[in-house]
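Right, one structure below, let's go through it.
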Amino acid sequence: SQYRYFIKKIEDELSDAGYSIVNLEGHLYDSGMAVTPLNAEDFKADDKLFIEQMLEPIIMGSDGIVKTGTVLLRKVDNL
């Protein structure tokens with residue numbers, strides 16, 4: 001619960017300053033996203049990937065992207 005409180009306080013303070021955090025965990029990965037994948041070389045070019053974990057969030061301001069994020073990718077498992 002302390003972690004959730006901490007994250008909420010950060011989001012509130014950023015919002016007051018005109019910024020927002022963008023979390024893409026669980027979304028399909030696209031090379032055009034404003035993130036740097038740390039493990040992209042672990043996969044083939046035609047692998048379907050999703051963002052497993054956001055290590056650093058994307059921060060958006062009123063004029064667009066302020067800071068790009070850093071992510072870990074995972075291959076989508078075919079069921």
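Counting begins at 1 with the first residue of the sequence.
Not a single salt bridge (charged side-chain N to carboxylate O under 4.0 Å, His left out) links Asp42 to another residue, sequence neighbours left out.
Each side-chain hydrogen bond (donor to acceptor under 3.5 Å, both in side chains) pair with one or both residues in residues 58-69, not counting sequence neighbours, appears once here: Glu56-Lys67.
Cluster annotation: Val76 is not connected to Ile51 through the hydrophobic network of ILVMFWY side chains, with a link wherever side-chain heavy atoms come within less than 4.5 Å. Put simply, Phe43 and Val71 are part of the same group of oily side chains (I, L, V, M, F, W, Y) that touch within less than 4.5 Å, one to the next.
With side-chain heavy atoms closer than 4.5 Å counting as contact, directly or through intermediates, the hydrophobic cluster containing Leu72 also holds Leu38, Leu55.
Here the CG-CZ distance, from Leu73 to Phe50, works out to 9.0 Å after rounding to the nearest 0.5 Å.
Heavy atoms from other residues, nucleotides or ligands lying under 6.0 Å from CD of Gln2 number 12 at most.
In this structure, the side chains of Ile58 and Met60 come closer than 4.5 Å at one or more pairs of heavy atoms.
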Give the table of side-chain donor-acceptor pairs shorter than 3.5 Å for residues 9-33, with sequence neighbours excluded, one pair per line with atom names and distance.
unit_1, atom_1, unit_2, atom_2, d
Asp12, OD1, Lys8, NZ, 3.0
Asn23, OD1, Glu25, N, 2.9
Glu25, OE2, Met54, N, 2.9
His27, ND1, Leu24, O, 3.1
Asp30, OD1, Gly32, N, 2.7

